[in-house]
**Student:** 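Dropping the structure in here first, questions after.
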Amino acid sequence: MHHRASLSVCPALWRSIPCQKAELRLEFTLSCGQSFRWKEWSPGFWTGVLHGRIWTLTQTEEHIWYTMYTKECCPGEDADASSATAALKKRQKCTKKIVPCPPPKILKTEHVKEEKEIVEDFDQFVGGNDCKKDEELLRDYFQLDVSLKELYLLWGKSDPNFAKVAQDFPGIRVLRQDPTECLFSFICTSNNHISRITGMIDRVCSSLGKHLGQLDSEIYCAFPTLQALAESDTEAKLRDLGFGYRAKFVSESAQTILSKYGPDWLERLRILPYEEAKSALCTLPGVGAKVADCVCLMALDKPEAVPVDTHVWQIAKRDYLPQLGQGNKSLTDRVYREIGDYFRRLWGSHAGWAQSVLFCSDLKKFQNSADKPDPSRKPRKRTQIKKETLE
DNA sequence: CATATACCTCG
DNA sequence: GAGGTATAT
């Protein structure tokens, strides 16, 4: 727990939310290309930025454990005595159960001892409004009110292939992300792969996002605001950061949203029907059907949106619609729609969620988590194997 | 509607 | 050529 250890001024208060591993697997959900902002700095511990704060998450069989690093935790930021005191006072209002120990069986003994000493001061402040908000934030981000167990059961019943794949890939949920971060991240995904996208997102946050703090040598920044992305020099900056032709898409989309629709436009798409939200997004430069579906699914509360990228296109041809492989050379608009409609009929209202399970299972980096491929299944095309070596 | 091509950069 | 989009034909 490198990160934690460096923050001796900040009492390491881990809180927990009941959540079984069948409902959520962090290692799949946080690294399968939905969000590019979570890093597993030490095994099982995921650190990232959410709602303008740095969080570390981990999990045990029955719980998610989380801790946050707030400003007053970060020396050199604005850690004057008064703000630290204010933070303490805030903590005192807590009424919810705080678990003052790190997740069991994970941290080293000396850390536990250190935590305990600090925690004595906190014994009386068990609970809190803030804590409740924090828990609610995570429950919202992971959409924990959606029962994944029931969905897997449903999908498996109508789709034997899903049932088979799902054995090795439990707990993959769709995150409910911030619409701005989601849109601009996915504009960067065209003709690109996860490792490079991650670097680009890191750089745009460092360059245009608000500085949030430092853990060890790692600096954390918020995702840039729409306003920052719409500045007139953004395109040039992003080109310097290696965004290539996507730099223009990012800056022009941000400018279009602010000048034509207003700062709340993306948020408002959440209450529109799927097709309307999707066509609205497609009016932006750099946003086609695939990016629009990603944003609909992962930020705009449209669980039926099925993004069809080349992975899903391969999966569809190989395991579901072999007839599509014959006459169609490429993923045309018509074929794109056909695949989405097919999966919606097969899997139902949360088809996009099921899609992300298959998508994840197809990523090279998770291939070792899976069974040996079924010899009766069609062999993969060479192009796809090549592609996977990149990830 | 369908196919072809350019677009940035990296491995 | 890549987890893609926009444009022209």
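Here is the naming used below: chain letters follow the sequence lines, and residue numbers restart at 1 for every chain. Keep in mind that this is a model prediction, so the values were computed, not measured.
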**Student:** Mind calculating the distance between CE (A/Met200) and P (B/dG11) to the nearest angstrom?
**Tutor:**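 In whole Å, B/dG11 P and A/Met200 CE are 13 Å from each other.
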**Student:** Checking all strands, does A/Val287 fall into the base, sugar-phosphate, or nothing category for heavy-atom contacts under 4.0 angstrom?
**Tutor:** sugar-phosphate
**Student:** By nearest nucleotide on DNA chain C, pick out whichever of A/Gln355 and A/Gly286 is the more 5' one.
**Tutor:**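 Taking each residue's closest nucleotide, the earlier one in sequence belongs to A/Gln355.
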**Student:** Do the ring centers of A/Tyr220 and A/Tyr69 come within less than 6.0 Å of each other?
**Tutor:** no
**Student:** Do the two ring centres, one from A/Phe162 and one from A/Phe169, sit under 6.0 Å apart?
**Tutor:** no
**Student:** Parallel, tilted or perpendicular: which fits the ring planes of A/Phe249 and A/Tyr245, with parallel below 30° and perpendicular above 60°?
**Tutor:** perpendicular
**Student:** Under 4.0 Å, counting only non-hydrogen atoms across every strand here, what does A/Cys360 touch: a base, just sugar-phosphate, or nothing?
**Tutor:**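 Contact class for A/Cys360: none.
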**Student:** Pick the nucleotide of DNA chain C nearest each of A/Ile197 and A/Thr283; which residue has the one closer to the 5' end?
**Tutor:** A/Ile197
**Student:** Using the six-membered ring of A/Trp313, assess whether NZ or CZ of A/Lys317 lies under 6.0 Å from its centre and within 45 degrees of the ring axis.
**Tutor:**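 Yes, a cation-pi geometry.
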**Student:** NA contact type, A/Leu238, heavy-atom cut-off 4.0 Å: base, sugar-phosphate, or nothing?
**Tutor:** nothing
**Student:** Measure the distance from NE2 on A/His193 to P on B/dC8 and round it to the nearest whole Å.
**Tutor:** 18 Å
**Student:** Side chains of A/Tyr66 and A/Asp134: do they bring a donor and an acceptor to under 3.5 Å?
**Tutor:** no
**Student:** For A/Lys278 and C/dT5, give me the distance from atom NZ to atom C1', rounded to whole Å.
**Tutor:**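 Distance, rounded to whole Å: 14 Å.
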**Student:** A/Asp301 and A/Tyr274: side-chain donor and acceptor closer than 3.5 Å?
**Tutor:** no
**Student:** Residues two or more places apart in sequence or in another chain: which of them pass salt bridge (charged side-chain N to carboxylate O under 4.0 Å, His left out) with A/Glu267?
**Tutor:** A/Arg270
**Student:** Could you give the CZ-to-P distance, from A/Arg203 to B/dC8, as a whole number of Å?
**Tutor:** 16 Å
**Student:** Write down the distance between CG (A/Asn192) and C1' (C/dT5), rounded to a whole number of angstrom.
**Tutor:**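 It works out to 13 Å between those atoms.
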**Student:** Whether A/Thr310 contacts C/dA2 is assessed here as follows: a side-chain N or O lying under 4.0 Å from the phosphate OP1 or OP2. Is that the case?
**Tutor:**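 Checking C/dA2 against A/Thr310, no side-chain N or O comes under 4.0 Å of OP1 or OP2.
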**Student:** Round to the nearest Å and state the distance from A/Arg196 atom CZ to C/dG4 atom P.
**Tutor:**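 About 14 Å, once rounded to whole Å.
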**Student:** Need one value for A/Pro285: base, sugar-phosphate or nothing, where a base atom within 4.0 Å counts as base even if backbone is also close, heavy atoms only.
**Tutor:**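 The answer is sugar-phosphate, as A/Pro285 gets under 4.0 Å only of primed atoms, P, OP1 or OP2.
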**Student:** Could you pull out the protein-nucleic contacts involving nucleotides 1-6 of chain B (nitrogen or oxygen on both sides, under 3.5 Å)?
**Tutor:**
unit_1: B/dA2; atom_1: OP1; unit_2: A/Arg334; atom_2: NE; d: 2.5

**Student:** Picking from A/Thr58, A/Thr56, A/Thr67, what satisfies side chain to side chain donor-acceptor pair (under 3.5 Å) with A/Thr47?
**Tutor:** A/Thr56
**Student:** Once pairs are restricted to Watson-Crick or G-U wobble with both distances under 3.5 Å, how does DNA chain B read as a dot-bracket string, [ ] for crossings and | for other-strand pairs?
**Tutor:** .||||||.||.
**Student:** Would you measure the distance from the P atom in B/dC1 across to the matching atom in C/dG4 and give it in whole Å?
**Tutor:** 22 Å
**Student:** Quick check: are there more than 12 heavy atoms from other residues, nucleotides or ligands sitting under 6.0 Å from CD of A/Glu150?
**Tutor:**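 Open.
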**Student:** Rounded to whole Å, how long is the line connecting atom CZ of A/Arg239 with atom P of B/dC10?
**Tutor:**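 Going from CZ in A/Arg239 over to P in B/dC10 covers 13 Å.
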**Student:** Please check if the distance between the ring centroids of A/Phe184 and A/Phe223 is under 6.0 Å.
**Tutor:**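 That pair fails the under 6.0 Å test.
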**Student:** For A/Asp309 and C/dT5, give me the distance from atom CG to atom C1', rounded to whole Å.
**Tutor:**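 The answer, rounded to whole Å, is 14 Å.
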